[in-house]
Amino acid sequence: MHAKPLATRLKSEFPIGSVTEPSPLQPGKIVISDAVHVRVPLDNSFPCVVTRQSDGSFVALDSKSSFPALVKDIKDALRSASKFGEKSKDSRLR
């Protein structure tokens, strides 16, 4: 899977930070906020949302096979992050 086409689709819903394509050594990454990013696998499996917890640890949510389900997970993760003081830079998400 490629990160850039997915980031382009997500851009209509969220502010996109950096985009890193997957490699054999590590998955790709689409940064949504300081506390939320999307992990993009190199193989044909599905992307997942990763959130940073208040203690600094990271939690990967279940992979999503549909775009609407991925968007819902990102929105939920951003709402949870805002409860811990993470501010979105995009007014659509407040």
Side-chain angles (χ1 to χ4, degrees):
M1 172 175 276
H2 294 283
K4 288 181 183 177
L6 180 57
T8 299
R9 288 187 71 192
L10 289 171
K11 200 174 201 175
S12 66
E13 299 279 339
F14 308 102
I16 302 297
S18 62
V19 178
T20 306
E21 290 293 344
S23 74
L25 299 177
Q26 64 185 17
K29 185 177 184 181
I30 301 170
V31 175
I32 306 295
S33 76
D34 291 340
V36 178
H37 70 269
V38 176
R39 181 184 301 157
V40 182
L42 179 62
D43 61 13
N44 288 328
S45 59
F46 301 108
C48 70
V49 175
V50 178
T51 62
R52 186 181 60 197
Q53 305 300 297
S54 59
D55 66 0
S57 65
F58 290 90
V59 174
L61 305 180
D62 291 336
S63 298
K64 299 300 180 190
S65 61
S66 77
F67 185 75
L70 183 65
V71 168
K72 182 185 180 313
D73 275 1
I74 295 169
K75 287 181 179 179
D76 291 346
L78 287 168
R79 279 189 209 100
S80 293
S82 69
K83 291 178 185 176
F84 294 109
E86 163 72 15
K87 298 293 182 189
S88 172
K89 298 173 183 126
D90 191 333
S91 61
R92 293 176 290 178
L93 304 175
R94 291 184 194 149

Report task. Please test K29 against V38 for side-chain contact (heavy atoms from CB on, under 4.5 Å), starting from the C-alpha separation and ending with a verdict. Result -> CA-CA 6 Å; K29 185 177 184 181; V38 176; over 6 Å; no
What side-chain donor-acceptor pairs closer than 3.5 Å can you find for residues 17-26, not counting sequence neighbours?
from: E21; atom 1: OE1; to: A3; atom 2: N; distance (Å): 2.8
from: E21; atom 1: OE2; to: A3; atom 2: N; distance (Å): 3.4
from: E21; atom 1: OE2; to: K4; atom 2: N; distance (Å): 2.9
from: S23; atom 1: OG; to: L25; atom 2: N; distance (Å): 3.2
from: S23; atom 1: OG; to: Q26; atom 2: N; distance (Å): 3.3

Query raised in the report: Any link between M1 and I32 through a network of hydrophobic side chains (Ile, Leu, Val, Met, Phe, Trp, Tyr) touching at under 4.5 Å?
Result: yes
Query - Shared hydrophobic cluster, V50 / L70 (ILVMFWY, side-chain heavy atoms < 4.5 Å) - result: no
Report task. Tell me, please, which residues at least two apart from F46 pass side chain to side chain contact (heavy atoms under 4.5 Å, CB included). Result ->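 Once residues adjacent in sequence are excluded, the partners of F46 under the side chain to side chain contact (heavy atoms under 4.5 Å, CB included) criterion are S63, S65.
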**Report entry** Summary of salt bridge (Lys or Arg N to Asp or Glu O under 4.0 Å) pairs that have at least one residue in residues 59-74, sequence neighbours excluded
**Finding:** K64-D73, K72-D76
Report task. Kindly compute the distance separating CZ (R52) from CG (D34), expressed to the nearest 0.5 Å. Result -> 6.0 Å
Report task. Grab the two heavy atoms, one from P41 and one from R39, that are nearest each other, plus how far apart they are. Result ->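 Closest approach of P41 to R39, heavy atoms only: CD-O, 3.7 Å.
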A side-chain contact here means heavy atoms from C-beta on lying under 4.5 Å apart; do [X] and [Y] qualify?
{"X": "F14", "Y": "L78", "result": "yes"}
{"X": "V59", "Y": "Q53", "result": "yes"}
{"X": "I16", "Y": "L10", "result": "yes"}

Report task. I would like to know whether K75 and E13 meet side-chain contact (heavy atoms from CB on, under 4.5 Å); could you show each step before the answer? Result -> CA-CA 9 Å; K75 287 181 179 179; E13 299 279 339; 3.5 Å; yes
Query - CA sep, side-chain torsions, deciding dist, call: R9, F67, side-chain contact (heavy atoms from CB on, under 4.5 Å) - result: CA-CA 9 Å; R9 288 187 71 192; F67 185 75; 3.3 Å; yes
Query raised in the report: Do other residues, nucleotides or ligands put more than 12 heavy atoms under 6.0 Å from D55 CG?
Result: yes
Report task. Evaluate the criterion side-chain contact (heavy atoms from CB on, under 4.5 Å) for residue pair L6 and V40; output intermediate values, then yes/no. Result -> CA-CA 9 Å; L6 180 57; V40 182; 4.3 Å; yes
